[in-house]
Amino acid sequence: MQDPAITDDLIAAHGLKPDEYARILEIIGREPSFTELGIFSAMWNEHCSYKSSKKWLRTLPTEGPQVICGPGENAGIVDIGDGQCVVFKMESHNHPSYIEPYQGAATGVGGILRDVFTMGARPIAAMNSLSFGEPSHHKTRQLVNGVVAGVGGYGNCFGVPTVGGEVRFDPAYNGNCLVNAFAAGLADTDKIFYSAASGVGMPVVYLGAKTGRDGVGGATMASAEFDDTIEDKRPTVQVGDPFTEKRLMEATLELMATGAVISIQDMGAAGLTCSAVEMGDKGGLGVKLNLEDVPQREDNMTAYEMMLSESQERMLMVLKPELEAEARAVFVKWDLDFAIVGETIAEDRFLVLHNGEVKADLPLATLSGSAPEYDRPWVPTPAAEPLGDVVGVNPIDGLGALISSPNYAGKQWVYEQYDQQVMGDTTRSPGVGSGVVRIHGTDKLLAFTSDVTPRYVKANPVEGGKQAVAEAYRNLTAVGATPLATTDNMNFGNPEKPEIMGQFVGAIQGIGEAVKALDMPIVSGNVSLYNETDGTGILPTPTIGAVGLIRHADEMIAGQIEDGNVLLLLGDTAGHLGQSALLAEVYGRAEGDAPHVDLAAEKQHGDFIRANHSYISACTDLSDGGLALAAFEMAETAGIGIAIDADDTPTLFGEDQARYLIACSLDMADALMVAAGQAEVPLMMVGRVGGDQVAFGSYSAPLATLAATFRSAFQEAVA
C-alpha cells in the first residue's frame with residue numbers, strides 16, 4: 001500500500017500548524033514519511049506534549065518529604081510508612097466518551113489502572129469525576145447511561161472498588177462531557193518500577209493484547225475541538241477488555257517479581273509511538289523497532305496504523321535478556337502476547353522498520369524534547385460584579401430545590417452500579433464524603449476524594465482553584481485523614497483564546513498556592529484542553545483528586561450521627577451567596593464572586609478536627625448548599641431528624657469556606673468547646689439530632705418526604 005502524499009490538508013488533519021510542520025522540516029532536513037508525520041503528530045499534540053500548559057505546570061509545588069515520585073512518570077508515588085507507598089493518578093477520557101460513551105469511559109478506567117500497576121502497584125481504589133450537559137439536552141441521557149455503564153462495566157470486571165467521585169450537570173457541557181478517571185494502588189517502596197530504559201542492545205518487548213486499528217489517532221483527536229463532523233471520529237475511540245486487563249495486571253506483577261524488568265511503560269495515548277520514545281528518551285538511548293514482530297489482530301496493518309494504534313491492554317518493556325525465558329513463561333501462562341519487537345541502541349535514533357523497509361528514522365531525543373512549547377497570550381478573568389440583592393427563601397423550599405436537582409440529589413443510581421466492596425477492604429463507600437479503604441494486613445487506612453466547583457472557577461479562577469484543593473483537604477479531614485498529596489485533571493476549552501488561557505493560568509495559580517499552604521503537593525496529573533464544540537467551551541474544571549492517610553483505624557471519624565447528638569459548626573459564617581448552589585437552583589442566577597478561601601483558616605481548622613477526632617461522632621465539610629444541605633445529608637444518611645437553630649437564607653445556604661459540621665454527644669461537645677477556646681478556632685452549637693423532621697428554626701418537613709425526593713430525583717432526571 002502506497003503512502004499518501006504529504007499535503008497541507010494532510011498536515012492539518014494531523015493537528016499540526018504550518019509553523020510546526022516547518023519545524024519538523026528543520027529538524028530532519030527533509031520531508032517526513034507518512035509514518036513519521038503520524039509520529040510527530042502523536043508526540044506533538046496537546047494531549048501528549050502539554051505544549052500550551054508546560055510553562056504553568058512547572059510552577060506547581062511537586063515536592064515534599066512524603067513524595068517519592070512526582071510528575072513525569074506513569075503515576076505519582078507517596079510514602080505512607082512501613083515500607084509502603086500509594087501510587088495514584090487522574091486522567092481524562094473526555095472526547096472519546098462523548099463520541100462513544102460506553103467504550104470511552106471504560107477505556108478511561110482501563111488506562112488509569114494500567115498507569116498504576118505499570119509502576120508495580122496493585123490497584124486498591126478507583127474514583128471518577130463526571131460532568132454532563134443539562135438534563136433536558138437530547139444527548140445527556142445517552143451519555144450518562146453509557147458513561148456510568150462503561151465505568152462500572154470495566155471496573156467491576158477488573159475487580160477494583162469504586163469508592164468515590166462526583167457528577168455534575170451544566171449547559172456548558174452539552175457538547176463536551178468530561179470523564180475524569182482516578183486510580184490508586186499499593187506498592188512496596190523497594191519494588192517500584194520506572195519507565196527509563198537502560199543498557200544498549202537490550203530487548204524491547206511487547207506485552208499484552210494484540211494490536212488492532214481501534215484508537216488510531218486517538219491522542220490527536222483528543223487535542224482538537226469538536227464540530228459537526230464529530231460522528232466521523234468514532235473509529236478513533238478505543239475498545240476495552242477488562243478481563244484481558246486483569247490478566248495483564250497479574251502477569252505484569254508476576255513478571256516484575258522475576259527480576260527481568262529493566263523498565264516498563266503503559267501503551268496509552270499514542271500507543272507504541274509514545275511508549276517507545278518516552279522509554280528511550282528518559283534513558284538517554286535510541287530505540288529500534290521491527291513492526292513485523294508486533295502481535296496483530298487485523299490483517300495487512302500498515303506501519304502508520306501500528307505506530308498510532310491505541311488498542312488497549314498493552315505494555316512495552318525493556319528486558320534483561322538472560323531472563324527472557326522466565327519472563328516469556330509468565331505471559332504464556334496468562335495467555336497473553338510476549339514478543340520481542342526491537343532493541344535499545346546507542347545512537348539517538350528512533351528507527352522503525354517494517355519487513356525490512358525503513359518507515360521512520362528520527363532523532364529520538366529531539367522528537368521527545370523539542371515539541372513546541374507555547375507561552376499563550378492570556379488575559380485575567382475580569383473581577384465579578386458584586387452580587388445584587390437575594391430575596392430570602394423559605395428554608396424548606398430552598399432545600400427542596402437543591403435536593404430535587406440532579407446536581408445535589410443522591411447519586412445512588414450511579415454508584416450502586418459500581419462494585420464498592422470487591423477486595424473486601426472498603427470501609428466507607430461513595431455517597432458520604434471521602435471513600436476509605438483499609439490497607440490490607442495493617443491498621444492503616446487511605447482516604448480518597450475528588451473535588452472542584454466549576455462555577456467558582458469561571459467567576460474567579462484563582463479562588464476557584466484554591467477552593468478545589470481546600471474542599472479536597474476538608475473532605476479528607478472530615479474522615480480523620482491527614483492529606484498527603486494531590487493529582488490534578490485540568491479540563492479547559494481552547495487555550496488559543498486568551499480568556500480561556502487566563503482561566504487556566506488563574507486556576508494553576510490558585511491550586512499552587514493552596515497545595516503549598518496545605519502541604520498537598522501535586523504528584524501527577526493530566527491536562528485536557530480544546531474541550532469545545534462549535535466554539536462553545538466547557539466551564540473551567542480543574543478537578544483535584546486527593547489522598548489522605550489514617551495512621552490507625554481508631555483515628556477514623558466514623559460518620560454516624562445518633563439520637564441526642566448536638567451539632568456544632570466550626571468556622572466563620574458570613575453568608576456568602578455569590579455563585580452559590582441556592583442562587584443557581586432557586587433563582588437561576590450565576591452571579592457574584594466565588595467565596596474567598598482563607599488557607600490559613602483551612603489549615604488551622606483541619607488540624608483542629610484531626611487533633612480532636614476522638615470527640616467527634618460525625619463530621620462533614622460545608623460546601624455546595626452550605627449548612628442546610630450538609631445537615632440534611634447527615635440526617636438522610638442516618639435516617640434521623642435534625643433541627644438547626646437558624647432560618648435565614650445567608651446562614652443556611654451561604655457557602656463560606658473553611659467550615660465543618662460536627663455531630664457528637666453533649667459531653668464531647670463541652671470538651672470540644674474547651675479545645676476550641678484553647679486553639680482559638682470559632683466553634684458554636686447550631687442544632688440537635690433527633691426525631692423524624694428536618695427543621696430550620698420554625699420551618700420543618702418530614703425527613704422521609706425529603707429523603708424520598710433526594711433519592712429519586714437523579715434517576716427521574718437522567719436515568
Side-chain angles (χ1 to χ4, degrees), residues 168-172 378-395 397-399 401-402 405 407-408 451-471 474 492-493 497-511 513-514 517 536-542 569 571-602 605 621-630 646-659 682 696:
R168 68 180 56 84
F169 299 86
D170 190 274
W378 63 279
V379 295
T381 300
E385 293 290 331
L387 178 63
D389 291 338
V390 178
V391 178
V393 64
N394 176 312
D397 292 344
L399 176 63
L402 293 180
S405 161
N407 275 312
Y408 307 108
D451 298 286
V452 66
T453 308
R455 64 182 184 277
Y456 291 173
V457 185
K458 183 177 182 182
N460 188 328
V462 176
E463 290 300 320
K466 287 163 59 177
Q467 191 275 339
V469 176
E471 186 173 348
R474 294 196 301 270
F492 289 80
K497 297 177 179 178
E499 64 275 15
I500 300 297
M501 196 64 205
Q503 293 175 346
F504 181 87
V505 171
I508 286 282
Q509 291 172 337
I511 290 169
E513 188 178 339
T536 300
I538 60 164
L539 290 177
T541 311
L569 178 61
D572 291 317
T573 299
H576 184 95
L577 290 171
Q579 300 298 330
S580 66
L582 183 82
L583 198 68
E585 299 295 343
V586 173
Y587 302 98
R589 295 163 60 183
E591 300 172 13
D593 200 359
H596 172 70
V597 180
D598 182 338
L599 293 169
E602 295 282 5
H605 297 175
D621 88 303
L622 269 60
S623 51
D624 286 319
L627 175 60
L629 188 57
D647 61 11
D648 64 290
T649 297
T651 298
L652 289 173
F653 296 99
E655 296 182 5
D656 307 282
Q657 302 294 295
R659 298 188 301 159
F696 301 115

Nearest heavy-atom neighbours spanning [X] and [Y]:
X      : Y      : value
Leu402 : Leu582 : CD2-N, 4.0 Å
Val586 : Ala401 : CG2-CB, 3.6 Å
Lys458 : Leu539 : CD-CD2, 3.5 Å
Glu585 : Ser405 : OE2-OG, 3.1 Å
Ala628 : Phe653 : CB-CE2, 3.5 Å
Phe696 : Asp647 : O-CB, 3.5 Å

Residues two or more places apart in sequence or in another chain: which of them pass side-chain contact (heavy atoms from CB on, under 4.5 Å) with Asp656?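 Asp656: side-chain contact (heavy atoms from CB on, under 4.5 Å) contacts with Thr573, Ala574, His576, Arg659.
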Does atom CD of Glu385 have more than 12 heavy-atom neighbours, drawn from other residues, nucleotides or ligands, at distances under 6.0 Å? no
Could you work out, with side-chain hydrogen bond (donor to acceptor under 3.5 Å, both in side chains) as the rule, every residue matching Asp624, not counting sequence neighbours?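 Only Arg455 meet the side-chain hydrogen bond (donor to acceptor under 3.5 Å, both in side chains) criterion with Asp624.
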Can you list the residues that meet the side-chain hydrogen bond (donor to acceptor under 3.5 Å, both in side chains) rule with Thr541, with sequence neighbours excluded? Tyr173
Between the main-chain N or O of [Y] and the side-chain N or O of [X], is there a donor-acceptor pair closer than 3.5 Å?
X      : Y      : value
Gln467 : Val452 : no
Gln579 : Gly592 : yes
Ser580 : Gly654 : no

Is the shortest side-chain heavy-atom distance between [X] and [Y] below 4.5 Å?
X      : Y      : result
Leu583 : Leu387 : yes
Phe504 : Pro540 : no
Pro542 : Val457 : yes

To the nearest 0.5 Å, what is the distance between CG on Asn460 and CG on Asp593? 4.5 Å
Would you compute the distance between atom CG of Leu577 and atom CZ of Arg589 and round it to the nearest 0.5 angstrom?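 Rounded to the nearest 0.5 Å, the CG-CZ separation comes out at 9.5 Å.
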Leu569 vs Leu622, side chain to side chain contact (heavy atoms under 4.5 Å, CB included): CA-CA, chis, key distance, verdict: CA-CA 9 Å; Leu569 178 61; Leu622 269 60; 3.6 Å; yes
Per the side chain to side chain contact (heavy atoms under 4.5 Å, CB included) rule, which among Glu463, Glu471, Glu513 passes with Val597?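 The side chain to side chain contact (heavy atoms under 4.5 Å, CB included) with Val597 is passed solely by Glu463 among Glu463, Glu471, Glu513.
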Any donor-acceptor pair under 3.5 Å linking the side-chain atoms of Glu602 with those of Gln657? no
